[in-house]
Amino acid sequence: MSLASAEAETETVAAERSHLHSSPARAERLLARFHQLRNFTDALCAGLEPEDCVVQSMPDVSPTKWHLAHTTWFFETFILKKFVPGYRPEIPEYAYLFNSYYNAAGDIHRRDLRGLISRPTVREAQRYRASIDSHIENLLSAADEKLLDEIEPILVLGRHHEQQHQELLITDIKHVFAQNPLYPVFRSGRARHSVRAEERTATECRPYDFIEFEETPVTIGHDGHGFAYDNEGPRHQALIPAFSLASRPITNGEYIAFIEDNGYRRPELWLSLGWMTVNEQCWQAPLYWAKRDGAWWHFTLSGFRPVDEAEPVTHVSYFEADAYANWAGARLPTEFEWERAALDCPIDGNFVEDELFHPAPTAVASAVSAEKTAQDEDLHQLFGDVWEWTRSAYSPYPGYRAAPGALGEYNGKFMCNQYVLRGGSCATARSHIRRTYRNFFQPEKRWQFTGIRLARDPE
Ligand SMILES: [Fe+2]
């Protein structure tokens with residue numbers, strides 16, 4: 001992410017702070033948000049035992065302990081080491097152990113070996129967090145305006161970085177728990193947003209529509225107000241031909257129809273690489289699904305339970321999303337079509353703060369939504385619930401250049417062999433997502449809360 005875009009967030013309050021606030025007030029505000037972020041990470045781990053926090057169930061998954069330490073390493077490396085004169089890390093080896101992929105920041109411990117590291121212990125990792133938090137507090141409390149100007153953009157980036165890891169922490173512990181025949185429960189869920197049965201049934205039974213959009217030039221990318229990652233810019237014009245977009249994501253019930261129509265055994269529906277993957281991995285259903293006595297069940301963060309046909313399908317790869325779209329006589333949207341549709345939609349939905357930790361049926365998601373507009377009648381669940389695969393390859397926008405230095409490695413170097421996903425999920429923080437937000441994963445990945453929304457060309 002470019003520091004320039006992070007700085008934009010500071011610009012929005014520049015006048016306010018220079019005239020109305022002294023440094024202590026500004027530092028206090030920054031620290032309040034910092035502690036809120038760190039506390040939320042801790043709250044996510046509240047029900048976990050130390051034994052849960054050290055397992056790496058596959059190379060893509062990191063142990064909870066690693067997430068706790070790595071997010072801390074970020075603040076230590078990019079703020080304390082840079083801005084505290086003579087700063088000496090208590091344990092210099094952490095720089096190697098908890099660097100994820102920043103080559104410019106030094107050597108890196110192998111990602112697939114994170115589960116082999118029993119020391120530091122979980123308690124020591126928590127102590128590391130507390131120690132760095134206290135250093136950050138001391139630094140900010142004593143900083144003048146000029147220093148805060150330098151620190152704030154990186155602090156803001158560190159906050160968004162940790163929010164990304166909060167989501168990974170959730171999806172990773174789900175994968176860890178799914179390996180366990182005892183099917184541990186992360187959260188019992190579902191309590192906060194109950195919807196009357198008749199209301200729910202009425203909404204669930206409604207088939208999806210296709211909402212039409214006319215051809216139009218659209219300004220794509222972030223407008224510079226508030227924080228954005230560098231991959232959301234430069235802002236540029238794109239001509240988007242006429243298209244239509246499904247009114248809601250594909251449900252489990254609709255996806256079961258694809259399975260039962262032999263969707264996983266019909267090569268004509270699949271990309272070549274997808275067909276190879278289906279056969280190599282013996283896929284017959286989304287990740288975490290299993291058939292018991294003729295019915296589909298799946299593992300959720302609330303335990304192993306029957307599949308609810310009204311929920312958006314999740315834990316499908318790009319390959320599965322694309323095959324489903326072919327089967328349904330449709331296609332996946334481009335990221336530009338998605339962004340154009342999102343321009344009219346409030347950023348609202350089932351996010352991590354709702355603590356469902358699972359996609360919700362349309363009726364439940366609507367109950368979660370605080371804000372309602374006329375557009376709610378058209379497009380449902382564009383934000384939250386499931387990340388929506390687009391058919392757009394993750395590549396740089398025209399004029400994109402990664403920033404120099406270690407932080408320039410944040411996004412740009414991953415622009416190869418991945419697809420863009422939009423909208424956030426039930427594990428994404430509400431304050432983290434934007435209409436222009438570009439998530440990205442390789443097409444075979446399934447362990448994130450990834451789902452399907454269809455698009456069509458004009459007839
Ligand atoms: Fe990271």
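Whatever order the structure lists them in is the order used to number ligands and atoms, beginning at 1.
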(request) Going by the salt bridge (charged side-chain N to carboxylate O under 4.0 Å, His left out) test, name the single residue among R435, R422, R438 that passes it with E339. (result) R422

(request) Quick one: list whatever passes side chain to side chain contact (heavy atoms under 4.5 Å, CB included) with H35, sequence neighbours left out. (result) L31, N39, E137

(request) Less than 2.8 Å from the Fe ion (ligand 1) is the window; count the protein N, O or S atoms in it. (result) 3

For residues 54-61, please give each side-chain donor-acceptor pair under 3.5 Å, one per line with the distance, not counting sequence neighbours.
| from | atom 1 | to | atom 2 | distance (Å) |
| --- | --- | --- | --- | --- |
| Q56 | OE1 | R114 | N | 3.1 |
| Q56 | OE1 | G115 | N | 2.7 |
| Q56 | NE2 | V61 | O | 2.8 |
| Q56 | NE2 | R111 | O | 2.9 |
| S57 | OG | H175 | ND1 | 2.6 |
| D60 | OD2 | K445 | NZ | 2.9 |

(message) Side chains of Y324 and E254: any donor to acceptor distance under 3.5 Å?
(response) no

(request) With sequence neighbours left out, write down each residue that passes side chain to side chain contact (heavy atoms under 4.5 Å, CB included) with S317, or none if nothing qualifies. (result) W283, F319, E320, R446

(message) Under the ring-ring contact (aromatic ring centres under 6.0 Å, His included) test against W387, which residue among Y437, F449, F440, W447 passes?
(response) Y437

